[in-house]
Amino acid sequence: MDTAVGGSSEDAFFVALRQLGQIHRRYLAQRVSLRALSRGAGGPVATTIGAWLDGSRFPQQVDALVSVVEQLRAAATAEDFVPTASEAHVLDPLWWRERHAAVTRDRADSVRDGVRRAQAQAIRQEQQAATFVGRPISQLDAFDLEVHHSVEASAWSVGAVLASAASASLSRGWTAREDLPELTPYIRRSHDEQLSALVSRGQAGHSAMAMLVGGSSCGKTRACWEAVQALGEGWRLWHPFDPTRPEAALADLQNVGPRTVVWLNEAQHYLLPSTGSLGERVAAGVRALLQDQARRPVLVLGTMWPEYWDRLTALPAPHAPDVHEQARKLLAGTNISVPSAFSPVDLAALLRDGQGDPRLLYAFQRAADGQITQYLAGAPSLLERYRNAPAVARAVLQAAMDARRLGHGLTLSHPLLATAAPGYLTDAEWDQTSDDWLEEALAYTAKPCHGARGALTRIKPRPSQAGPATPHYRLADYLEEHGRSTRYSRPVPDTLWEAAFQHAHAEDLFAFARSAVSQNRPEEHLRFAVKAAANGDHAAAWEAAETLSRSGRLTEALAMYQRAADGGAFMAARRKAAALLHRLGRLDEALQEYQAAAAQGHLPSVRNAIALMHDREDRAAAAAWCQRLAEQTSLDILDTAITLLQQTGRDGTLIPWLCDLAERGRPGALARAADLLQQAGRADEAVAWLVPLARAGYLGAELCVAEILEQSGRLDEAITWYRQAAESGYPSARSALTRLSATGAPSAQ
């Protein structure tokens, strides 16, 4: 069926067609049939003409239409049929020719407009897509996304591997190939099925997130890379990392478009930066992205070590600030565990599906306890290189390990290593160092281990990136994890604390403060916390304030509490600041802090603020402030406000104020307004006010009407309202009906 493109001229044309069809069916069908009209028109078949005449198809051939009209006009003359004045035009061939030309023009214009709109929409979509972050997945390199390079199987080792494989009857299909791809063949394991299901959800148009949790080099990032290969054309991948990971994520989360994979490899760097609420803001932004219907589908893939997962998902201690609330909610239900070792089934699959790659066989024969991926990432070679390192290189690596485990970020600066490393050398070792000891050590740590990244390597900025003022280095993941597990209880030399204080990034200072507690370095804890607070870290300010307060350094503690109070997660800091100001006799400032804490929802601060104003004999100000607070917050302070207003002689304003609050939906105001009206002997006025509210569904209004009517002796009306309240679910209304029935009230039976 042809449908109208739109417009009044076309609507009128189809109305006229239907009128013409009615005239034919009612008055002229016996004289000229559809078949006869078809023969006379010389082209369209009878069914086509029938579709014209019932207004369901537009006549493309104007001459054929005019011929049909002329035949019907002649039949009308023969039948002495005279159309009404409003129908005369439908038997006028000239009218049809003119209207057909007008509709044809309108249709052509409409089609052109549609094409232009479609083209404009396509241009807008193309421009919008150009603003979306990320690149097509097909254009990305696995190693740019931090997939580990595999160890190289050298010619001599391949020969030895194949020889031993032959003796063990494992050599079938395994060859000493020279054209090996950069990535080894992928062996799917149980967690890959969960990832595939997630990708399928994305392909079906749903947003979803997975966080792969496992130790270093266990295959988390490679699993994510393999999973996204199933996504078709049109999918992009965004890996935020410049200038820092959390800053890059926050800057462009709003520019993530549909069909985008957000790549949060080593997600602790996004969700656990120490500075202020940066990690929480990233988590909140990702949550909002996943819930945004307009940008679906989006997939968020991240990786994380178990210790970071535990830290981010743990509930806070009682009365402690909930500093990871957003991250905990984001991560809920996203955990996909990646085992550290291949199971016997996985190892069998490796031998079966390894596609003859000698590196897999090499790892199979040498990896301890099934840790294939760790071996492929060069873990054993890294450990060997670390254990056999010269004294200065070992000192640099230990300084890097300790810096990372105490809380330093991923990138370690040259000055930090230079300041920290000497503390790891004995006097004899230090005396034997050359003038270029650090550069010699860094040259040793940078050497690749069987093709895998070296133990500690310099980070090379890309041409589009602004490089740091001094060189920065990255410790190999496996050595970082090794350091955490083997050095966790070892004391750290003073040189590292000083190096971190001087050269650590601002966002890492609070992590060092926390680590100082476990290292039994209270002076370092306070020093780092104060410096972190000065850089805007509210959590650090809170801890520094608590420490200073316990030490009796109240003025310093007050400054830290006030810094912490600027962070939304530390409302308790404002209350503590108010209490300290009160204790120090700075009452005006204390009142301001109490009032600010009250505005954040703290009920005891309301009482403290009112007490201070009463002490200053400023009851009117207390009443006015409490009245404003009751309007602006959900605090249960209506009774307090009523009492204060009554004490200051403002009874006359109470009822209008409460009625206004009730009509705006403030909980509790309706019942209190009704009580005051009744106490004032204005029961009829209370009922007249409440009945419209009850009919509009205001909470508690039905029950209030019933109670006032009962107390006024209007039992029949009261019972009617009690029944309505009972049907609305008020247990006390059912109890009232039972009580009235027991007294013999007839309507309550």
Side-chain angles (χ1 to χ4, degrees), residues 598-607 609-610 622-749:
Q600 291 177 321
H602 188 240
L603 191 58
S605 292
V606 178
R607 294 192 290 269
I610 292 171
W625 172 72
C626 195
Q627 188 176 7
R628 289 194 304 272
L629 192 65
E631 294 171 358
Q632 296 166 1
T633 71
S634 59
L635 282 168
D636 186 14
I637 57 172
L638 281 179
D639 290 331
T640 303
I642 290 169
T643 301
L644 288 172
L645 288 168
Q646 289 171 334
Q647 289 174 349
T648 54
R650 297 171 62 186
D651 303 60
T653 66
L654 263 177
I655 292 174
W657 176 60
L658 288 170
C659 288
D660 178 61
L661 283 183
E663 290 169 11
R664 285 191 272 152
R666 177 68 158 83
L670 187 145
R672 288 172 172 85
D675 286 343
L676 287 175
L677 281 167
Q678 197 170 11
Q679 291 169 19
R682 298 159 61 184
D684 290 343
E685 184 182 339
V687 170
W689 172 64
L690 285 167
V691 165
L693 298 182
R695 288 172 178 160
Y698 276 66
L699 191 66
E702 294 170 326
L703 197 58
C704 284
V705 172
E707 290 170 346
I708 293 173
L709 289 170
E710 182 187 359
Q711 291 168 20
S712 301
R714 297 157 63 179
L715 295 185
D716 287 345
E717 295 174 82
I719 288 167
T720 299
W721 281 99
Y722 274 131
R723 283 178 177 152
Q724 291 185 27
E727 290 172 1
S728 298
Y730 291 97
S732 59
R734 291 192 289 271
S735 300
L737 287 171
T738 302
R739 173 172 46 77
L740 290 172
S741 176
T743 63
S747 301
Q749 301 299 321

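Remember, predicted model here, so these are calculated numbers, not experimental data. One is the number of the first residue; the rest follow in order along the sequence.
A salt bridge (Lys or Arg N to Asp or Glu O under 4.0 Å) check over residues 674-698, counting only residues at least two apart or in different chains, returns the pairs Arg682-Glu685, Asp684-Arg714.
Shown here are the side chain to side chain donor-acceptor pair (under 3.5 Å) partners of Trp657, two or more places apart in sequence or in another chain: Glu631. When the side chain to side chain donor-acceptor pair (under 3.5 Å) test is applied to Arg672, the partners found at least two apart in sequence or on another chain are Asp639. Qualifying side chain to side chain contact (heavy atoms under 4.5 Å, CB included) partners for Ala598, counting only residues two or more places apart in sequence or in other chains: Ser605, Val606, Trp625, Leu629. For Arg628, there are no side chain to side chain donor-acceptor pair (under 3.5 Å) partners at least two apart in sequence or on another chain. Shown here are the side chain to side chain donor-acceptor pair (under 3.5 Å) partners of Ser728, two or more places apart in sequence or in another chain: Glu702.
Atoms OH and OG, from Tyr722 and Ser735 in turn, are 10.0 Å apart once rounded to the nearest 0.5 Å. Interatomic distance, CG of Leu654 versus CG of Leu645, reported as 5.0 Å (0.5 Å rounding). Separating the OG1 atom in Thr648 from the CD atom in Gln627 is a distance of 9.0 Å, to the nearest 0.5 Å.
Remark: of the listed residues Ile708, Val687, Val705, Leu709, Leu709 is the sole one forming a side chain to side chain contact (heavy atoms under 4.5 Å, CB included) with Glu717.
By the 6.0 Å contact criterion, CG on Asp660 is enclosed, its count of non-hydrogen atoms from other residues, nucleotides or ligands being greater than 12. At most 12 heavy atoms of other shown residues, nucleotides or ligands fall within 6.0 angstrom of atom CG in Leu699.
Nearest heavy-atom pair across Ala630 and Ile637 is N-CD1, 3.7 Å. The heavy-atom pair separating Ala718 from Glu710 by the smallest distance is CB-N, 3.6 Å. Across every non-hydrogen atom of Leu638 and Ala669, the tightest pair is CD1-N, 3.7 Å. Taking both residues in full, the closest heavy atoms of Leu603 and Leu635 are given as N-CD2, 4.0 Å, listed atom of the first, atom of the second, then distance. Nearest heavy atoms, Ile610 versus Cys626: CD1-SG, 4.3 Å. When all heavy atoms of Ala726 and Leu737 are compared, the closest pair comes out as CB-CD1, 4.3 Å.
The shortest side-chain heavy-atom distance between Leu677 and Leu690 does not fall under the 4.5 Å cut-off. Considering only heavy atoms from C-beta on, Trp721 stays 4.5 Å or farther from Leu703 through its side chain. In this structure the side chain of Glu707 never reaches within 4.5 angstrom of the side chain of Gln678, judged on heavy atoms.
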